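Here is the structure we will look at.
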Amino acid sequence: MYMDYHHHTNNSIDSKAVMQDVCQEAIGKGIKEICFTEHYSVNPLAPTYGHMDFTKYQADIAASREQFGDQLTIKMGIELCEPHLMMDVYTKALQHIPFDFIMGSVHNIGNQKLRLHLRANPETFYHDYFAEMYKLVSDADIDVLAHIDLMKRYAVQEGHGIYSFEQHKDQIAAVLEKAIQRGIGIEINTSGMRSSLGEAMPTPQIVSLYHDLGGRILTLGSDSHKAETVGAGIKEAAQIARQCGFTHIHQFENREPKAVPLS
């Protein structure tokens, strides 16, 4: 089944996409299921703080399901920024919202955006990032880790280059082992394919390691912020999944994963 499990709309601070337009585009591309995963943070110091209006978001989901539900399965998700921090505030804010899917991501370290942290810590920024990701996966109430090696996007833009997998393998393995232990999945995020990075997040090496360690919960997402790029790279992500040993990907409903054969 052709699914995109990471998409943003104007419910996120960094997107102007209208949900109904995204759905229309998805149907035209043969996508059968989409999960919207809007940015959200409860940290007043985070850039994503204060933008989300859950009443509007749920109304957009309901209207889209009403209009397109016979052609497209529409799931309601969220991408939480640093959900291992201020956990009690997150719990209180989200407890009454019927999410299908919750992603967790690291976009800030010590209340600094990743790019700023990188500039301030040019010798240790990759180590710092994976250490923060380990803290996240150890504590947060999430279903899937978003773009596990996101820091490489900023490293490439800043002229540092992509990390050495072998150098950071132990750190990465610890993140993946903790994810598996806690029943948390990972995604293959295709947004890097559409940028100067030129590759998915994470690398196939990480996807293979996750599989070799026993991880099976895997989603595919475009991380698109525009209607026209919904589903971008998903077929390529499915091929990466196959090459790394996966026979299934996952869909979510009421935060419960269900395996779907890779088509």
Side-chain angles (χ1 to χ4, degrees), residues 1-40 48 51-54 56-80 94 97-105 142-147 185-194 200-201 217-241 246 248-263:
M1 186 191 297
Y2 194 24
M3 301 186 293
D4 186 345
Y5 254 69
H6 192 154
H7 204 293
H8 298 273
T9 71
N10 56 17
N11 292 286
S12 292
I13 195 169
D14 54 357
S15 173
K16 296 180 180 179
V18 175
M19 189 177 291
Q20 284 88 342
D21 293 344
V22 176
C23 292
Q24 191 75 64
E25 191 78 19
I27 292 166
K29 291 183 176 179
I31 295 170
K32 300 300 182 186
E33 184 166 327
I34 188 168
C35 185
F36 291 100
T37 50
E38 311 296 356
H39 289 295
Y40 181 63
T48 46
H51 182 80
M52 172 63 81
D53 178 343
F54 283 110
K56 176 188 178 298
Y57 181 37
Q58 292 182 84
D60 285 353
I61 291 284
S64 296
R65 286 171 172 167
E66 176 69 24
Q67 185 173 354
F68 301 109
D70 58 339
Q71 304 172 76
L72 179 68
T73 300
I74 299 167
K75 298 293 178 64
M76 184 169 68
I78 196 83
E79 179 182 351
L80 304 182
L94 303 177
I97 302 174
F99 290 113
D100 290 301
F101 182 60
I102 299 180
M103 309 184 87
S105 59
I142 60 170
D143 303 315
V144 160
L145 291 168
H147 37 57
I186 69 170
E187 72 162 351
I188 300 177
N189 182 304
T190 69
S191 62
M193 297 176 177
R194 306 190 298 277
M201 296 181 285
I217 299 175
L218 181 71
T219 61
L220 310 180
S222 67
D223 200 355
S224 171
H225 290 63
K226 299 179 180 180
E228 55 266 32
T229 47
V230 61
I234 295 296
K235 290 181 180 178
E236 291 81 356
Q239 185 60 29
I240 292 172
F246 286 88
H248 292 73
I249 54 174
H250 285 74
Q251 59 187 171
F252 281 76
E253 184 168 355
N254 297 321
R255 302 194 59 196
E256 289 294 326
K258 179 182 177 183
V260 179
L262 274 164
S263 54

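Treat the numbers as computed from the prediction; the structure is a model and nothing was measured.
Rounded to the nearest 0.5 Å, atoms OG (Ser15) and NE2 (His7) are 7.0 Å apart. Taken from CD1 in Ile74 to CZ in Phe68, the straight-line distance is 7.0 Å, to the nearest 0.5 Å. Atom CD1 of Ile34 and atom CE of Met3 lie 12.0 Å apart (nearest 0.5 Å). Here CG of Asp143 is found 9.5 Å from SG of Cys35. Values are rounded to the nearest 0.5 Å. Interatomic distance, Lys32 NZ to Asp4 CG, rounded to the nearest 0.5 Å: 14.5 Å. Rounding to the nearest 0.5 angstrom, the gap separating the NZ atom in Lys75 from the CZ atom in Arg255 is 14.0 Å.
Looking at Leu94 and Leu80, their side chains come closer than 4.5 Å, going by heavy atoms from C-beta outward. Using a 4.5 Å heavy-atom threshold, the side chains of Gln20 and Glu25 count as separate. Side-chain contact between Phe99 and Asn254: absent, with no pair of heavy atoms (C-beta onward) separated by less than 4.5 Å. The side-chain heavy atoms of Thr219 and Ile249, taken from C-beta on, include no pair separated by under 4.5 Å. Using a 4.5 Å heavy-atom threshold, the side chains of Cys23 and Gln67 count as separate. Contact annotation: the side chain of Ile31 approaches that of Leu72 to within less than 4.5 Å [non-hydrogen atoms, C-beta and beyond].
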Begin with the C-alpha distance, continue with both residues' side-chain angles, and end with the deciding distance and a verdict on side chain to side chain donor-acceptor pair (under 3.5 Å) for Tyr5 and Glu33. CA-CA 8 Å; Tyr5 254 69; Glu33 184 166 327; 2.5 Å; yes
Before giving the answer on side chain to side chain donor-acceptor pair (under 3.5 Å), spell out for His6 and Glu187 the whole-Å C-alpha distance, their side-chain angles and the decisive distance to 0.1 Å. CA-CA 9 Å; His6 192 154; Glu187 72 162 351; 3.1 Å; yes
CA sep, side-chain torsions, deciding dist, call: Ile186, Ile217, side-chain contact (heavy atoms from CB on, under 4.5 Å): CA-CA 7 Å; Ile186 69 170; Ile217 299 175; over 6 Å; no
Can you list the steps and then say if Asp60 with Asn10 is a side-chain contact (heavy atoms from CB on, under 4.5 Å)? CA-CA 10 Å; Asp60 285 353; Asn10 56 17; 4.3 Å; yes
Do Asn189 and Ser191 pass the side chain to side chain donor-acceptor pair (under 3.5 Å) test, and can you show the C-alpha distance, the side-chain angles, and the key distance before you say yes or no? CA-CA 6 Å; Asn189 182 304; Ser191 62; 2.7 Å; yes
Audit row: Glu38, Thr9, side chain to side chain donor-acceptor pair (under 3.5 Å) steps and yes/no: CA-CA 7 Å; Glu38 311 296 356; Thr9 71; 2.6 Å; yes
What verdict does the side-chain contact (heavy atoms from CB on, under 4.5 Å) test give for Ile61 and Met19, after you've listed the backbone C-alpha separation in whole Å, the side-chain angles of each residue and the deciding distance to 0.1 Å? CA-CA 8 Å; Ile61 291 284; Met19 189 177 291; 3.8 Å; yes
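Taking each heavy atom of Tyr57 and Met52 in turn, the nearest pair found is CB-SD, 4.0 Å. In this structure, Pro98 and Met76 approach most closely via the heavy-atom pair O-CE, 3.5 Å. For Ala200 against Ile240, the heavy-atom pair with the smallest separation is CB-CD1, 4.1 Å. Smallest separation of non-hydrogen atoms from Leu262 and Ala238: CD2-CB, 3.8 Å. Here the closest heavy-atom approach between residue Pro257 and residue His250 is recorded as CB-CD2, 3.9 Å. Shown here for Ile234 and Ser222, the closest heavy-atom pair between the two residues is CD1-N, 3.7 Å.
For His225 (side chain) and Asp223 (main-chain N/O), a donor-acceptor pair under 3.5 Å exists by modelled atom type. In terms of modelled atom types and a separation under 3.5 Å, the side chain of His8 and the main chain of Thr37 share a donor-acceptor contact.
Residues passing the ring-ring contact (aromatic ring centres under 6.0 Å, His included) test with Phe246 are His211, sequence neighbours excluded. With sequence neighbours excluded, the residues forming a ring-ring contact (aromatic ring centres under 6.0 Å, His included) with Tyr40 are Phe54, listed by chain and number.
Salt bridge Lys258/Asp100: absent, no basic N to carboxylate O contact under 4.0 Å.
Remark: Lys16 NZ is loosely packed, at most 12 non-hydrogen atoms of other residues, nucleotides or ligands lying under 6.0 Å away.
Of the candidates Lys56, His51, His39, Asn11 forms a side chain to side chain donor-acceptor pair (under 3.5 Å) with just one, namely Lys56.
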